[in-house]
Number of protein chains: 2
Amino acid sequence: MNLKELSQHLGLSPTTVSRALNGYPEVNERTRQRVLEAAERHNYSPNSGAKRLAEGRVMTIGHVLPVSNEHEMVNPVFADFIAGAGKRYAEEGYDLLLTVVRDEDEVATYRDLAKRRAVDGVLLHGPKVNDRRIELMKELNLPFVVHGRSSVVGEDYNWVDVNNRRAFERAAGLLLDLGHTRIAFINGLADMDFASRRLAGMRDALASRGIEVCDDLVRHAEMSENYGYSSMREFLEMPEPPTAVLVSSIIPAIGARRALSDAGLSMADDVSVLIHDDDLSYFRNEGDIPTYTAVRSSVRDAGHMSAEMLLQTIANPDKEPQHVLLEAELTIGQSTGPAPAMRRFLKQG
Amino acid sequence: MNLKELSQHLGLSPTTVSRALNGYPEVNERTRQRVLEAAERHNYSPNSGAKRLAEGRVMTIGHVLPVSNEHEMVNPVFADFIAGAGKRYAEEGYDLLLTVVRDEDEVATYRDLAKRRAVDGVLLHGPKVNDRRIELMKELNLPFVVHGRSSVVGEDYNWVDVNNRRAFERAAGLLLDLGHTRIAFINGLADMDFASRRLAGMRDALASRGIEVCDDLVRHAEMSENYGYSSMREFLEMPEPPTAVLVSSIIPAIGARRALSDAGLSMADDVSVLIHDDDLSYFRNEGDIPTYTAVRSSVRDAGHMSAEMLLQTIANPDKEPQHVLLEAELTIGQSTGPAPAMRRFLKQG
DNA sequence: TGGCGCATCCAAAGCGCTTTGGCAGGACAC
DNA sequence: GTGTCCTGCCAAAGCGCTTTGGATGCGCCA
């Protein structure tokens, strides 16, 4: 069933039927009802291809999911972000186009999406410290929102980000308050913007107490469970292991926990662990007292807000770039406790 | 730059340019080269909307991601499956359309995709024991592949599935061989087809030794970390706790492990844990000796194969329904050991 | 009564591509 | 020299929608 057939059924012109369906005023209200009802009855929806062609916009948002070739990993954080964003798209009648590509093809993919007119805008994930994609989007004249920021990029652009620096400054501050001075950090890939901000936050906190970050205690990699495990293991094998560890995601934290338990140690008592918690739906850090002490910020909410911002940008392209800076909340869980020295001090006091 | 402009640049008709670009034979090879080069130089790609309209197919595959309203969860397993499938789509020039919807809107979404002609085919995730979507797809005349199967559905259809029954029969068999008789099962949602098959497999194994599955020891829910935690906790609080536990995913297994360590117990020594391992990229169960004893089958590979099957079905709609039944491999890790009775027996022997 | 304005509808063009159905011209056979 | 076939190109229709630019007819006012 297409427009033409439907309009013939109704004894109306395609023009009128189209206007009736799209809510234009120049059609009698009774006719509109008839049309609406007939469309419903005949199960009619406008053909997507024809609509895109005629309207010149495609009602589609692009997300590109780069899959690194060697390890072929796709971050579960992504799933929650997509869920948050995708729900918003659906509400507004937008489709979500997901392109899975090898790392090195990512730029070509954005170019392709733009020139094929396959999307009205894109959402950029996981920006690097210096991310060329931002410049690329401007060149391609594609509306976009970045989830995160890119420190080095000069121009202004839309973004939604967590205040990573502040969050990790506070996180490290708490550990310092507990008497920890030898603090490790299991962080994300070094060229990721969030990772560099978090490290800066930690550095700030330590610096304010006159402590320098020890390079041996800072790890950078894709944040898998195994990465958390092996990092913690290596820490424990050091002559002078850290007494506290920051972890950039709950997933490596699970691995870190495994390493501790393999070594017969436990969180809080032996080593304090403080994580960034994206509030992943399958890994809720909750309960009377949450398992992990954490700086938390829901990645699903971030997805939702990013989507909202993008849709607004598309609707109103001349709008000034928007920014949302989310503050993470620091909640105390079961994974942190006083440093050994502090513990002795408390006892004797 | 569109076809018309490009053809004017070249002093050719749009027809010839189109044919040259699409590899039709009735164009001189030298002309084709000229066209190809000009297209490249002017950065031309056919407009997606126009192409869909003219061709009558949209080069797009649909995936629907239902998000249950109450708990808003999206399974990380999904991310890996998508990665496997999406890569295959991209290779064949297909786009992936992802729709995030509330559970109750799922059927309406498929209908909508079909009547808008937004997709050439769909991939169905997480089939229930009796899944109405299969009938729906036939009604809508949409090519489809099911990742998993639906036991009750009579008609034939395309599917890619793991031999869940066999896998869990073997898994339970191993535990029995180790002397366990009181075996629990932390399974997926009861109405999921995979969950019912796995339970059946376990039941078969126990039955062959004259043991009946104890209902109190079987849990069904969405497979989050917390679910694994609380289930294991409840098991441990029983007057007669199980000595071994099957877990349908590595994620609840992580929770189960946490419950054990909270109780000062450990896997293998105190309670044997045997999981189904989807080989998630962020949760690789590997190492010299893997952490978990597991029946393993890569969900990413399943995604890849499902995509392949769907593309073939679209290319050749009259083909007989295809089936792929994957066998999981059973690998021994650190999480299983002999039952207490067996342990005593071994000692005294 | 004539004219104006408004409400309601429609014909046709246009979006950018593919595809059908030629058409010219050269090669070749007879 | 005529007819046939093949190569290489093109004009035009058509995909299903939106949108421009009228048309028609009616009520209403002067």
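Every chain is numbered from 1, with letters handed out A, B, ... down the list of sequences.
Within the structure, every pair that satisfies the salt bridge (Lys or Arg N to Asp or Glu O under 4.0 Å) test and touches residues 304-322 of chain A, not counting sequence neighbours, is listed here: A:Arg88-A:Glu308. Judged as a side chain to side chain donor-acceptor pair (under 3.5 Å), the pairs with a partner in residues 117-129 of chain A (not counting sequence neighbours) are, in order, A:His63-A:His125.
When the C1' atom of C:dT8 is taken as reference, atom CG of A:Leu10 falls 15 Å away, rounded to whole Å. When the P atom of C:dA13 is taken as reference, atom CG of A:Leu53 falls 17 Å away, rounded to whole Å. Between B:Arg57 atom CZ and C:dC17 atom C1' there is a gap of 13 Å when expressed in whole angstrom units. Here D:dC15 presents its P atom at 21 Å from CE of B:Met59, a figure rounded to the nearest Å. What separates NZ of A:Lys115 from P of C:dG16 is a distance of 17 Å, to the nearest Å. Distance A:Gln8 CD to D:dG16 P: 12 Å, rounded to the nearest Å. When the C1' atom of C:dC9 is taken as reference, atom CZ of A:Arg34 falls 12 Å away, rounded to whole Å. Note: CZ (B:Arg116) to C1' (D:dG16) measures 15 Å, nearest angstrom.
When the side-chain nitrogen and oxygen atoms of B:Asn47 are compared with OP1 and OP2 of C:dC17, none of them lie within a distance under 4.0 Å. Distances shown here put a side-chain N or O of A:Thr31 below 4.0 Å from the OP1 or OP2 atom of C:dC9.
Residues A:Arg111 and A:Glu139 are paired through a salt bridge, judged by an N-O separation under 4.0 Å between the basic side chain and the carboxylate.
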Produce the list of close N/O pairs, under 3.5 Å, pairing protein atoms with atoms of nucleotides 18-20 of chain D; give distances to one decimal.
unit_1, atom_1, unit_2, atom_2, d
D:dT18, OP1, A:Asn22, ND2, 3.0
D:dT18, OP2, A:Ser18, OG, 2.5
D:dT19, OP2, A:Tyr24, OH, 2.7
D:dT19, O4, A:Thr15, OG1, 3.2

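Judged by distance alone, the side chain of A:Asn158 and the main-chain N or O of A:Phe144 form a donor-acceptor pair under 3.5 Å.
Atom OG of residue A:Ser45 and atom NZ of residue B:Lys115 lie 3.5 Å apart, to the nearest 0.5 angstrom. A distance of 8.0 Å separates CH2 of A:Trp159 from CE of A:Met309, quoted to the nearest 0.5 Å.
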